[in-house]
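Read the numbers this way: they start at 1 and go in the same order the structure lists the ligands and their atoms.
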Amino acid sequence: MPAQKVKISETVRINSLVLHRQKQGKAVFNLGAGEPVLDTPELIKRAAEQALRENKTLYPPVAGIPELRKLAAHWMNNKYRTHFKPDNVLVTNGGKLGLYLIFQSLLKQGDEVLLNSPYWVSYPGIVKLFGGKPKILRTTEAGGWKITPNCLKKACGKKTKILILNNANNPTGILYSKSELKGILKVAAEKKLTVISDEVYSGLIYGKNKFYSCASFGRLSKNSMVIQSCSKNFAMTGWRVGFVFAESQMVKILTGLLSQSTSGVTTISQWAAVAALKYPQKFTLPLKNELRKRRDVLVAELNKAFGLSLKRPESSLYLFVKMGDLGAKKISSMEFCKGLLEKTGVALIPGSACGQEGYIRFSFGSKPEVLKKAIKILANYCKKLN
Ligand code: PLP
């Protein structure tokens with residue numbers, strides 16, 4: 001697809017409207033942005049300051065500074081039982097660029113890429129940009145928003161090349177179990193699919209169920225690549241540090257693409273990420289505890305205001321809610337979100353942007369007082385809607 005035809009990501013667009021409103025001095029309650037609204041931990045900021053003072057300000061090695069590649073491999077191996085070496089790691093400008101480079105390198109015109117809906121808003125756009133065809137695996141709320149080995153098998157055709165798996169999931173907050181992942185990876189191996197496992201929310205798991213990386217299944221992980229990021233795991237969205245974990249030959253190919261585009265990730269940000277990955281639990285645990293509280297506030301407020309009994313999502317930063325539950329029935333999710341933002345300053349993401357009309361995505365990354373206020377305003381707005 002020609003670059004001119006690529007649409008701006010819907011979340012980025014809504015975030016720009018939010019910033020515009022803020023500039024005009026208008027109130028905004030941002031439950032649209034997919035980020036933990038929290039300060040980056042002090043130790044991480046200090047590492048960046050120190051890097052500046054030590055004049056670590058020249059071009060970085062394109063694939064990432066060795067200290068960070070080594071720590072990133074250790075982090076995954078230690079926490080998720082993978083077996084990466086530093087040369088399996090590419091440091092990218094956010095997980096998003098990692099995905100972009102992978103598709104740029106793998107896709108040929110007409111290749112099919114399987115992804116489940118509802119999906120993270122950016123997947124179809126990036127796939128189309130490099131000539132790929134998104135092939136949607138529809139999931140349902142009743143089916144726990146999960147794909148099954150069977151539906152995967154049925155969807156594979158001659159041109160199907162890649163499966164994107166997003167676990168833990170944006171926008172539904174679901175988490176795949178070990179046996180579910182194993183079943184999916186078995187079919188993927190049978191059908192010779194490359195699995196791109198987007199694991200950027202791996203640290204934000206709130207219940208007793210564990211997160212499993214697609215790279216931790218031995219032989220079945222052979223055709224998997226993992227996308228990771230400091231953005232959500234360490235409250236570092238603006239630093240733009242992400243990772244691709246892949247075979248070293250693939251890392252070399254992607255490094256070539258990076259060398260012709262961004263020339264690598266900002267040196268200062270990489271040193272900040274080194275500090276984060278030296279003691280990952282120290283930062284992820286308090287972050288997770290805070291986000292768990294925010295999740296509970298959001299769910300409780302919605303249940304109270306609308307008389308619902310919504311379940312708390314197991315992971316990530318999102319709650320995916322049926323519009324009917326909010327009493328919004330004869331309106332598209334896009335119209336609903338636009339009207340709400342314009343009239344009240346409450347920002348949400350329409351389900352249609354995630355490939356699932358009739359739903360709305362709420363982020364609980366914002367501060368509890370913002371969540372509470374937003375739900376009160378939303379409830380008032382919905383009362384007047386019908
Ligand atoms: N993957 C998913 C599922 C996401 O939700 C996001 C961001 O919202 C990303 C990847 C990219 O994150 P970043 O580029 O900040 O690492």
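For a threshold of 3.5 Å applied to N or O pairs, the pair formed by Asn93 and ligand 1 contains no separation below that value. Backbone and side-chain nitrogen or oxygen atoms of Gly34 are examined, and none is located within less than 3.5 angstrom of a nitrogen or oxygen of ligand 1.
Contact check on Lys45 versus Glu42 returns a salt bridge, with a Lys/Arg side-chain nitrogen under 4.0 Å from an Asp/Glu carboxylate oxygen. A salt bridge links Lys304 with Glu301; the closest basic N to acidic carboxylate O contact falls under 4.0 Å.
Atoms of ligand 1 lying under 4.0 Å from at least one heavy atom of Gly94, given by number and element, are 14 (O), 16 (O). Under a 4.0 Å criterion applied to the non-hydrogen atoms of Ser231, ligand 1 contributes the atoms 13 (P), 15 (O), 16 (O). Each of the following atoms of ligand 1 lies closer than 4.0 Å to a heavy atom of Ser229: 13 (P), 16 (O).
Between the side chains of Thr82 and Asn77, at least one donor-acceptor pair of N or O atoms lies under 3.5 Å. Using a 3.5 Å distance cut-off with no hydrogens or angles, the side chains of Lys232 and Tyr201 do pair a donor with an acceptor. Glu141 and Tyr359 form a side-chain donor-acceptor contact under 3.5 Å, judged by distance and modelled atom types alone.
At least one heavy atom of Asn166 sits less than 4.0 Å from an atom of ligand 1.
Only the side chain of Arg240 comes within 4.0 Å of ligand 1, counting heavy atoms alone; its backbone N, CA, C and O stay farther away.
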inquiry  = Please determine whether side-chain contact (heavy atoms from CB on, under 4.5 Å) holds for the pair Lys79 and Gln281, giving the CA-CA distance in whole Å, both sets of side-chain angles, and the decisive distance to 0.1 Å.
reply    = CA-CA 9 Å; Lys79 196 150 171 32; Gln281 278 305 87; 3.3 Å; yes
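Scanning the protein heavy atoms around atom 1 (N) of ligand 1, the nearest turns out to be Asp198 OD2, 2.6 Å. If you check which protein heavy atom lies closest to atom 8 (O) of ligand 1, you get Lys232 NZ, 2.7 Å.
Annotation for Lys133: atom NZ does not count as buried by contact number, only 12 or fewer foreign heavy atoms lying within 6.0 Å.
Closest to atom 6 (C) of ligand 1 by heavy atom, among Tyr100, Tyr123, Trp120, is Trp120.
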